[in-house]
Enquirer: 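Quick one: this structure, given as C-alpha cells, is what I'll be asking you about.
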Number of protein chains: 2
Amino acid sequence: MTDETRERIVDAAGEVFSQKGFQQATIREICGLAEANVAAVNYHFGDKETLYVEAVKRAHCESVPVDRSEWPSDLPADEQLRLFLEKMLTDMLDRETPGWHTALIMREMAHPTSACEELVRGYIGPRFELLCEILRALLPQDMPGRDVTLHAFSVIGQCLVYRFHRPVGRLLIGEDEFEALFDVERLTRHISNFCLAGLAAAREEAL
Amino acid sequence: MTDETRERIVDAAGEVFSQKGFQQATIREICGLAEANVAAVNYHFGDKETLYVEAVKRAHCESVPVDRSEWPSDLPADEQLRLFLEKMLTDMLDRETPGWHTALIMREMAHPTSACEELVRGYIGPRFELLCEILRALLPQDMPGRDVTLHAFSVIGQCLVYRFHRPVGRLLIGEDEFEALFDVERLTRHISNFCLAGLAAAREEAL
DNA sequence: CACTGATTTAAACAAGTGTTTTAATCGGTT
DNA sequence: AACCGATTAAAACACTTGTTTAAATCAGTG
C-alpha cells in the first residue's frame, strides 16, 4: 500500500470533483470514498487544488487519444463528419460509459480552472483541429480560417447543448420527451444532415 | 429608507449571484455592496435561498417580455428567424447591456436551482415556443413535433456555445481571434444562413 | 414627549472547511 | 532486534459561512 493510497485518492477525487465541482467537493468526502485519512491529501499532493489538477490530468490522459494515424482520413469528408459527431455524442451522452473521466472534462469545459489550459492543449485542441480539417474539405478552399472556425462552433454547439442544458431541456419539453431525444444514433443523423446542408450551401454560395 | 434596503439587497444579490453563482456568493459580500447589515437578509427574506429566488424572479420579470402581439408574424419566416437570432445573440453576448438580469438567467440555465421551473415557464418557454413556430413554417407541414424540437435545439445550441464556452474558446483559438468573432451582426448572419440551409434541406427531403 | 412596532446594528453562534500538528504505525535495512 | 524514513491516524487549528440574538435606533401616533 505504498502509493496505492495516492492512486485511490486521485480516483475518488475524480469521482467527487466530476459530480460536485471543485468548490463543492470536500476533502473529507473524497478521503471517505478513498478510505484514506484527510491528512493524506496534504501529504501526497500539498493542497486541494493540486489534487484537482492531478485528477483533470488523469482524466484526459486516460481518455482515448485522437490518434490521427488511425483516423480514417481516406473516407469521404461527409462520412468523416458523421463519424466525428457519433464519437463526440457517444462520449458526451452515453450513460453506459462508466468512469468519471469524461464528466470531469466536461465540467472543466463549463467552468475552466487553472487546469483548463493543459486540457485544451492535450484533449480539446486536437479534436477541434481534426474537426476543422474535416470541415475545410467540405467548404470552399479559399474560405478564411475565421469562417471555418464559425462553422466548427456551429457543429459542436449543437452537440454541447444536449450535455450542458439537459435540466432546462427536461423542464422545457418534459422529462420523458427529452430523454427520448437522447439517442446517439438519432442525434448523429439529425446533426450531420443539418450541418452537411449548411456546409453545402456555403460551398455553393462561393461559386 | 423603509424597504429601500430590501430593494438594494435584491439588486446587490442579483449582481453578486450572477457573477459568482449561488454557493460562491456570500451574504457578507452582497450586504457589503448593498450597504446593509448581514442580518438584513434574514430579516427581509428569511434565508439566502429565498433571496436568490427573489433575484431570479426579478431578473426575468424585468427582462423584456416576449409580447407575441408585437412580434412581426407577418414577416417571411426566414426573416423572422434572422430577427429571433439577432435578439437572442444580442441579449446573450452584448457586453454593452448593463445590469445583471440576463447574466443571472444565463447562469440559471447552466445551473438550474429551484428557481428554474418558474424561469422556464415565464422566460425560456415562451421564447422556445416562438422559435418552434417559426421553424414549423420553414419545415414540412407533416413533420413530427419531436423533429421540430431537434431543429430548435440545433438553432439555440449554436448561440449558447458562444456564451457558455467562451473561456475554452479563447484558449482554443486565441483570445483576440475569439473576441473578434463576438460580433452580433456577423454571428447572426452566419448562424441564420447555416440554419436556413439545413431547414431547406429538410424541406426538400420531405418531397 | 412617551410609547410602540418596525428596522438596523454589532456581536456571537454553530457548523463546515482546508490545513497543520503531533504521535503512532508500517516496511525494509543493518 | 533495533533503527529509520515513509506513511498513516486522530485531533486540533484557523478561518469562513449562514444564521441568530439582543440591544439600539428610527418613524409614526396618541
Side-chain angles (χ1 to χ4, degrees), chain A residues 1-59 100 104 107-108 111-116, chain B residues 1-59 100 103-104 107-108 110-116:
Chain A
M1 210 183 278
T2 54
D3 58 357
E4 281 180 16
T5 302
R6 202 190 135 96
E7 296 299 299
R8 283 204 317 279
I9 290 178
V10 175
D11 203 55
E15 193 78 36
V16 178
F17 280 138
S18 72
Q19 285 170 22
K20 312 207 166 174
F22 178 72
Q23 297 279 353
Q24 289 288 51
T26 72
I27 288 184
R28 280 170 176 82
E29 180 178 357
I30 291 170
C31 289
L33 188 62
E35 300 185 63
N37 190 274
V38 283
V41 165
N42 274 277
Y43 179 76
H44 285 287
F45 303 93
D47 59 8
K48 188 187 180 184
E49 189 175 337
T50 308
L51 170 59
Y52 178 79
V53 174
E54 202 66 27
V56 173
K57 210 175 291 181
R58 160 107 28 130
W100 45 266
L104 189 55
R107 182 170 282 274
E108 185 66 23
H111 311 282
T113 67
S114 53
C116 193
Chain B
M1 214 182 278
T2 53
D3 58 357
E4 281 181 16
T5 302
R6 201 189 135 96
E7 295 300 300
R8 281 204 318 276
I9 291 177
V10 175
D11 202 55
E15 194 78 36
V16 178
F17 280 138
S18 72
Q19 284 171 21
K20 313 207 166 175
F22 179 72
Q23 296 279 357
Q24 290 287 48
T26 73
I27 289 185
R28 279 170 176 82
E29 181 178 355
I30 290 170
C31 290
L33 190 60
E35 299 184 65
N37 190 275
V38 284
V41 165
N42 275 276
Y43 179 77
H44 286 286
F45 302 93
D47 59 8
K48 187 186 180 184
E49 189 174 337
T50 308
L51 170 59
Y52 179 79
V53 174
E54 200 67 27
V56 173
K57 209 175 290 181
R58 160 108 26 131
W100 43 266
L104 189 54
R107 183 170 282 275
E108 185 66 23
H111 311 282
T113 67
S114 54
C116 193

Enquirer: Can you pull the side-chain hydrogen bond (donor to acceptor under 3.5 Å, both in side chains) pairs that have at least one residue in residues 23-41 of chain B, sequence neighbours excluded?
Expert: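 Output for this query lists B/K20-B/E29.
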
Enquirer: Would you work out how much the helix from C/dC1-D/dG30 to C/dT30-D/dA1 bends between its ends, with each end axis defined by five base pairs, to 10 degrees?
Expert: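 About 20°, once rounded to a multiple of 10°.
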
Enquirer: Does the side chain of B/H44 get closer than 4.0 angstrom to OP1 or OP2 of C/dA6 through an N or O atom?
Expert: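 For B/H44, the contact criterion (side-chain N or O under 4.0 Å from OP1 or OP2 of C/dA6) is not met.
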
Enquirer: Can you name the residues that form a ring-ring contact (aromatic ring centres under 6.0 Å, His included) with B/F45, not counting sequence neighbours?
Expert: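 Testing B/F45 for ring-ring contact (aromatic ring centres under 6.0 Å, His included), a comparison that skips the adjacent residues, returns none.
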
Enquirer: Any side-chain N or O of A/T5 under 4.0 Å from OP1/OP2 of D/dT8?
Expert: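 For D/dT8, OP1/OP2 do have a side-chain N/O of A/T5 under 4.0 Å.
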
Enquirer: Could you pull out the closest heavy-atom pair between B/I9 and B/A40, with the gap in Å?
Expert: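 Shortest heavy-atom separation between B/I9 and B/A40 comes out as CD1-CB, 3.6 Å.
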
Enquirer: For the residue pair B/E108 and B/Y52, establish whether any side-chain heavy-atom pair is separated by less than 4.5 Å.
Expert: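 Yes, at least one pair of side-chain atoms sits under 4.5 Å.
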
Enquirer: A/E49: what forms a side-chain hydrogen bond (donor to acceptor under 3.5 Å, both in side chains) with it, not counting sequence neighbours?
Expert: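 In terms of side-chain hydrogen bond (donor to acceptor under 3.5 Å, both in side chains), with neighbours along the sequence ignored, A/E49 is linked to A/S114.
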
Enquirer: Please state whether the rings of A/F22 and A/F17 are parallel, tilted or perpendicular, taking 30° and 60° as the class boundaries.
Expert: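 Geometry flag for A/F17 against A/F22: parallel rings.
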
Enquirer: In this structure, how many angstroms lie between the P atom of D/dT8 and the CZ atom of A/F45, rounded?
Expert: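 Rounded to whole Å, this separation is 11 Å.
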
Enquirer: Please give, in whole Å, the distance from D/dT16 P to B/K20 NZ?
Expert: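 So the NZ-P distance, B/K20 to D/dT16, works out to 13 Å.
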
Enquirer: To the nearest angstrom, how far is A/R6 atom CZ from D/dT8 atom P?
Expert: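 To the nearest whole Å, that distance equals 12 Å.
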
Enquirer: Using a 4.0 Å heavy-atom cut-off, write out nucleotides 9-20 of chain C from 5' to 3' as B (base contacted by protein), S (sugar-phosphate only) or - (no contact).
Expert: BB-B----SBBB

Enquirer: Roughly, in whole Å, what's the span from OH in B/Y52 to P in D/dG18?
Expert: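 Computing the B/Y52:OH to D/dG18:P distance gives 14 Å.
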
Enquirer: Heavy atoms only: give me the nearest B/V10-B/L51 pair and the separation to one decimal.
Expert: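 Residues B/V10 and B/L51, closest heavy atoms: CA-CD1, 4.3 Å.
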
Enquirer: Name all residues meeting the side-chain hydrogen bond (donor to acceptor under 3.5 Å, both in side chains) criterion together with B/N42; count only those two or more places apart in sequence or in a different chain, and write none if there are none.
Expert: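 Residues passing side-chain hydrogen bond (donor to acceptor under 3.5 Å, both in side chains) with B/N42: none at all.
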
